[in-house]
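Notes follow the structure.
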Amino acid sequence: MDYLKTVIPSQLVADRGSNLVVINPGSANIRIGLASQDVPLNIPHFIARYTNQRPKFNLQDQMLNSQVTTAQHMEREKAYDTIASLLKIPFLDEEVANNSFPRKIGRADGYNPQSGKSVAFQWANVYEQDADSSLALGTSRSKVITGESVEKHEGTGAEEICSGNRKFRGHIFGEEALRISPTEPYCLSRPIRRGHFNISQHYPLQQVLEDMHAIWDWILIEKLHIPHSERNMYSAVLVLPETFDNREIKEMLSIALRDLRFSSAVVHQEGLAAVFGNGLSTACIVNMGAQVTSVVCIEDGVALPNTEKTLPFGGEDISRCLLWTQRHHQTWPQVRTDMLTKPIDLLMLNRLKESYCGIKEGELDAVAVVHSYEDGMPAGSHKTRLTALNVPPMGLFYPTLLVPDIYPPPPRSWFHDYENMLEDTLHLEYPRRPDMSDGLFPGINVGYPMWESYPVFSSKPKKEEKVGLAEAITNSILSTGRIDLQRKLFCSIQLIGGVALTAGVIPAVEERVLHAIPSNEAIDTVEVLQSRTNPTFVSWKGGAILGVLDFGRDAWIYREDWIHNGIHFRSGRKYKDSYYVQAQATCYINS
């Protein structure tokens with residue numbers, strides 16, 4: 001970050017960043033911390049609430065359809081064989097036929113691991129600390145978690161939350177929520193799924209918003225030690241993925257300003273923040289998250305909206321593919337592993353994927369310890385040889401290998417209001433304030449010019465692409481329509497997100513993208529730039545930089561304006577960040 005270090009003196013970061021909280025929420029994790037910090041906290045974006053409902057659901061997404069159809073299964077096997085040919089490994093059926101004897105799978109309870117990746121996850125303690133312990137700490141967990149009573153939520157009565165002399169915790173957050181045994185009286189929720197609010201018939205919008213507020217508030221109090229009484233001394237920088245629509249952005253701004261009580265807030269687009277996080281101005285940003293992969297091109301600090309591509313798969317799908325591959329090759333222990341209904345298995349599979357999966361030619365095997373988690377019992381350890389570990393990550397380029405969960409879309413009625421940004425009402429004309437400037441996006445004051453004017457309703461919402469990663473990158477860059485910019489972008493591809501840490505992914509992207517470029521295009525070089533910081537935190541870091549650099553704070557929304565008046569456009573209060581800040585400039589005007 002040498003370039004940025006010369007622009008931003010460390011003292012300026014310390015002074016201006018000490019009261020800026022940068023929040024970068026995703027489908028699986030939320031990255032959050034003070035802008036003055038080097039790295040953020042990275043916390044699973046989950047909450048488990050105590051419930052006494054019958055029948056009991058272990059998680060809100062219990063109704064997801066994760067069954068693979070016959071057609072999908074055939075497509076998956078076909079994709080496997082295509083990948084096997086590229087990687088020079090045996091085909092699926094060929095390999096099974098050559099296994100004249102089963103692989104040995106031994107239970108290794110006495111195994112003493114030398115690496116942290118072999119240590120089993122432990123079931124979460126679901127009981128409150130005793131009163132004396134809580135008083136000694138000076139705070140009670142039930143008071144600090146959300147500032148609201150557990151009786152508010154259906155099926156959660158104070159008189160029923162006790163078990164003998166022990167009291168169940170009303171809410172459990174983060175990784176700990178994923179480690180709750182299915183036998184315990186809790187229901188696990190993830191407010192964001194596949195890049196959108198996870199609303200469904202069983203998970204209404206109000207509960208999604210309450211859960212998101214509860215998670216963020218718990219982090220601010222318990223992890224960042226910012227109590228409600230001091231919240232007005234802080235501002236929030238929301239670094240949001242391109243997948244969110246404007247209604248969702250509005251709700252998150254309301255959480256930050258109205259519920260969490262920040263004095264002001266600003267929204268920055270995740271892809272745009274990524275270029276600042278790596279000290280760039282022009283790049284093709286490829287964000288490979290847990291459930292969504294997105295592509296967007298940035299030119300001179302401006303996000304180009306027609307280049308946005310959204311792919312409905314990510315790291316969790318690679319983890320599920322890892323499990324399918326091992327079961328097909330009979331290397332997986334005879335234990336009940338279920339990422340959907342037993343989230344602790346998701347943690348284990350994610351760790352195995354991160355430790356052993358990579359992209360390289362030739363057979364890739366590894367000896368690993370697989371853990372089994374039976375309800376309420378200590379984890380069992382099973383030492384086994386995992387095989388074909390280079391196949392699951394290749395699903396990025398051949399997505400039929402990754403069969404995503406099929407889940408119900410949000411009810412259409414949720415969007416039927418005056419703030420609807422979906423295509424059903426995009427043709428409507430929205431009234432504009434007489435004092436609103438025609439140029440909503442003047443140049444920002446850090447040397448990156450923005451579009452002087454961008455038609456707010458000119459583009460329809462982004463559609464999920466049914467292509468692989470290489471095609472998505474190629475189509476995104478070629479859609480810019482200028483050969484000079486195309487050549488520059490093909491040599492300035494930036495991989496961010498947790499999946500970007502996969503071994504061998506950079507040369508694989510370079511090779512597959514080069515092959516995906518049509519032969520009639522005058523482009524013969526593809527280069528992925530090495531990230532200057534952890535790819536998982538690049539956008540968060542860019543949000544911190546943008547927050548510190550925004551001396552004029554012209555794009556910031558203040559709490560009082562938001563709650564009482566909406567957003568008024570006045571001289572000197574124009575929105576600039578990028579076209580994406582239309583979320584601030586349009587949806588939230590109270591006329």
Side-chain angles (χ1 to χ4, degrees), residues 1-8 237 239-242 266-287 294-309 437-456 458-459 462 472-496 513 523 525-533 538-555 574-585:
M1 303 292 288
D2 295 337
Y3 166 76
L4 288 170
K5 283 180 179 176
T6 62
V7 176
I8 315 173
V237 179
V239 181
L240 301 183
E242 287 79 0
V266 67
V267 172
H268 288 298
Q269 182 181 2
E270 199 170 53
L272 184 71
V275 297
F276 284 90
N278 262 326
L280 305 171
S281 62
T282 298
C284 176
I285 301 298
V286 182
N287 189 351
S294 60
V295 182
V296 64
C297 294
I298 312 292
E299 180 186 14
D300 293 331
V302 179
L304 307 179
N306 61 308
T307 65
E308 290 184 359
K309 307 291 178 184
S437 169
D438 287 330
L440 291 180
F441 309 100
I444 76 172
N445 54 12
V446 292
Y448 296 102
M450 307 315 252
W451 293 345
E452 288 301 314
S453 181
Y454 183 80
V456 170
S458 67
S459 63
K462 298 167 284 294
I473 294 172
T474 302
N475 294 342
S476 174
I477 294 176
L478 291 179
S479 70
T480 61
R482 289 165 33 212
I483 186 64
D484 58 329
L485 178 58
Q486 291 168 356
R487 286 175 174 162
K488 187 173 184 179
L489 289 170
F490 273 116
C491 291
S492 305
I493 298 172
Q494 182 73 64
L495 306 183
I496 65 173
V513 170
I523 295 163
T525 305
V526 173
E527 183 180 355
V528 174
L529 302 179
Q530 290 282 350
S531 180
R532 301 183 186 182
T533 186
V538 169
S539 291
W540 179 90
K541 189 64 179 176
I545 291 167
L546 285 167
V548 168
L549 287 180
D550 191 6
F551 296 104
R553 301 177 73 83
D554 291 337
K574 298 177 183 178
Y575 291 88
K576 51 189 176 49
D577 178 36
S578 76
Y579 87 93
Y580 194 62
V581 190
Q582 62 178 279
Q584 295 173 331

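- Remark: Ser294 engages Glu242, Asn287 in a side-chain contact (heavy atoms from CB on, under 4.5 Å) (not counting sequence neighbours).
- Taking every heavy atom of both residues into account, Ile473 and Cys284 meet most closely at CG2-SG, 4.2 Å.
- Looking at every heavy atom in both residues, Cys491 comes nearest to Leu529 through O-CD2, 3.7 Å.
- Put simply, the side chain of Thr307 never gets that close to the backbone of Ile477: no donor and acceptor are under 3.5 Å apart.
- The CD atom of Glu299 sits 4.5 Å away from the CG atom of Leu485 when rounded to the nearest 0.5 Å.
- Closest of all the heavy-atom pairs between Gly543 and Ala273 is N-CB, 3.8 Å.
- Atoms NZ and OG1, from Lys488 and Thr282 in turn, are 4.0 Å apart once rounded to the nearest 0.5 Å.
- The side-chain heavy atoms of Leu280 and Ser492, taken from C-beta on, include no pair separated by under 4.5 Å.
- Once rounded to the nearest 0.5 Å, the distance linking CG of Leu495 with CD1 of Ile285 reads 9.0 Å.
- In this structure, CZ on Phe276 lies 5.0 Å from CG on Leu546, to the nearest 0.5 angstrom.
- Among all heavy-atom pairs drawn from Ser539 and Val239, the shortest one is O-CG1, 3.8 Å.
- Side-chain atoms of Glu308 and Gln269, non-hydrogen and from C-beta on, do get closer than 4.5 Å to each other.
- Here the CD-CG distance, from Gln530 to Asn278, works out to 10.5 Å after rounding to the nearest 0.5 Å.
- Screening Val538, Ile298, Val296 against Val275 for a side-chain contact (heavy atoms from CB on, under 4.5 Å) leaves a single residue, Ile298.
- Between the CG atom in Leu489 and the CZ atom in Arg482 there is a gap of 9.0 Å [rounded to 0.5 Å].
- Within the 4.5 Å cutoff, side-chain heavy atoms of Leu478 are placed close to those of Gln486.
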